[in-house]
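These notes are about the structure you will find just below.
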Amino acid sequence: MLLDSRLRTFCEVARLGNFTRAAQLLNMTQPAVTLQIKSLEQDLGIALFDRSGRRISLTAAGRILLAAAEELERISKGCVQEINSLKTELCGELTVAASTTLGQYVLPVVFGRFACSNPLVRFKLRIGNTEEVGNWVESRQVDLGLVEGSLQRRTLKTEFYAEDEIVLITPVQGELHEPDHSCVAGLWSLESLKSVPLILRESGSGTRSVVEKYLESWGVSISDFNVLMELASTEAIKSAVEEGLGVAFVSIAALRKETSRKELSVARVERGAIRRDFQFVYLREGGMAPLTNSFIRFARAQPA
């Protein structure tokens, strides 16, 4: 990165709103971070942060500098990637933002495979919901986004990456393994699903949105079901189901370990499979750096 170290430090403090967390991310001490910010403020002759409250916030000058620094960061990274593209081997830093399922279960595998043939490439991964990923791409904080939900914005372009299936997971044994004798093995009716505790992802998650639309297509809504709890983590949901607390809808991409170890059972709804698309997200205008383009081509060739 060609960006001045003080500007890099400033950007992280501004994004995180916290000196301590920024120091941890940058592998610096908090006094060193504070010193760099003070040095920058002295050179500019104006305060960049309002420190009067419990949480620091940007001043008007800070907001102007952040916008300029992020643009410089984007230009710097693109310049480095273009120079690196002249070399025989790909190298440089690729920052990717992804929604939860992709970030936790799909991308680490793809990163590992890409790194095997491109050992000079370094990765940074941010995980957030679909809207957050869109914001990070739009503000040029990341090179590329991948989402599992719908994202319609004038400034962004989405492109198909891979197909995903959302399945019903149940405990491997007990009353919740098979709801009643009227169901075909591995297939649940909507009526049977209404009779058992259901564990859901939190409102706003990509998985939850797809499940809600699927149910609505069959004339039912979430309110028709016995929702036991809503959790913000797929891992927490899998643990709750494994303990026999209920059944849940999760991406099949999140179940590689559990199904191979026979810790959870996979079922489906008899009305048909619940499918969705994983999508790349990038800026509609401004072009794409060679490293980003190479990674997209590689990822498309890999099984999700």
Side-chain angles (χ1 to χ4, degrees), residues 98-106 128-134 145-154 156-171 176-234 236-238 240-241 245-256 258-259 264-281 303-304:
S99 46
T100 310
T101 300
L102 282 155
Q104 288 185 338
Y105 305 105
V106 178
N129 61 36
T130 296
E131 289 301 314
E132 287 174 323
V133 172
L146 286 102
V147 297
E148 57 212 48
S150 176
L151 187 62
Q152 302 292 329
R153 297 196 191 181
R154 183 174 48 83
L156 301 179
K157 184 173 181 180
T158 58
E159 196 172 312
F160 176 77
Y161 164 42
E163 186 180 69
D164 181 39
E165 182 183 0
I166 296 173
V167 295
L168 189 69
I169 56 171
T170 70
L176 295 178
H177 180 60
E178 291 185 5
D180 57 50
H181 298 296
S182 65
C183 283
V184 179
L187 287 177
W188 285 51
S189 67
L190 290 178
E191 288 306 311
S192 296
L193 192 56
K194 290 178 183 179
S195 68
V196 299
L198 182 62
I199 301 168
L200 291 174
R201 278 293 303 274
E202 81 285 5
S203 182
S205 80
T207 300
R208 168 87 173 247
S209 175
V210 172
V211 170
E212 286 179 339
K213 287 177 182 176
Y214 174 86
L215 295 173
E216 287 169 5
S217 72
W218 292 107
V220 292
S221 69
I222 288 295
S223 61
D224 296 322
F225 294 84
N226 174 23
V227 178
L228 176 68
M229 62 180 79
E230 298 183 11
L231 300 174
S233 155
T234 300
I237 287 175
K238 291 191 292 185
V241 173
L245 300 180
V247 301
F249 288 102
V250 300
S251 165
I252 200 164
L255 297 171
R256 291 188 179 102
E258 289 78 12
T259 51
L264 291 168
S265 289
V266 173
R268 288 169 173 82
V269 181
E270 65 179 7
R271 296 293 181 96
I274 308 175
R275 302 190 188 278
R276 64 178 172 183
D277 290 343
F278 289 149
Q279 300 178 89
F280 294 111
V281 181

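FYI, side chains are in, hydrogens and waters are out, and symmetry mates aren't considered; it's all heavy atoms of this structure. Index from 1, following the sequence.
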d(I199 CD1, N226 CG) to nearest 0.5 Å is 10.5 Å
Separation between CG (L255) and OH (Y105), nearest 0.5 Å, reads 8.0 Å
Between L264 and the options V250, I169, V247, the side chain to side chain contact (heavy atoms under 4.5 Å, CB included) test singles out I169
Here the gap from D164 atom CG to I166 atom CD1, rounded to the nearest 0.5 Å, amounts to 6.0 Å
### Side-chain donor/acceptor of K238 to backbone N/O of A248, under 3.5 Å
no
- Tell me, do L198 and L228 make a side-chain contact under 4.5 Å, heavy atoms counted? no
Return yes if some donor-acceptor pair links the side-chain N/O of Q104 with the main-chain N/O of T101 below 3.5 Å, else return no.
no
In S265, P197, P171, the residue satisfying side chain to side chain contact (heavy atoms under 4.5 Å, CB included) with V241 is P171
D277 side chain to Q279 main-chain N or O, any donor-acceptor pair under 3.5 Å? no
The single option from L200, I222, V220 that satisfies side chain to side chain contact (heavy atoms under 4.5 Å, CB included) with E212 is I222
### Query
Do S192 and S195 have a side chain donor and acceptor closer than 3.5 Å?
no
| message | Please determine whether a side-chain nitrogen of the Lys or Arg among E230 and R201 lies less than 4.0 Å from a carboxylate oxygen of the Asp or Glu. | response | no
Per salt bridge (charged side-chain N to carboxylate O under 4.0 Å, His left out), E148 is matched among R275, R276, R208 by R276
Quiz item: Less than 4.0 Å between a side-chain N and a carboxylate O, is that true for K213 and E216?
Solution: no
Practice problem: Please answer whether the main-chain N or O of S209 pairs with a side-chain N or O of Y214 as donor and acceptor at a distance below 3.5 Å. | Solution: no
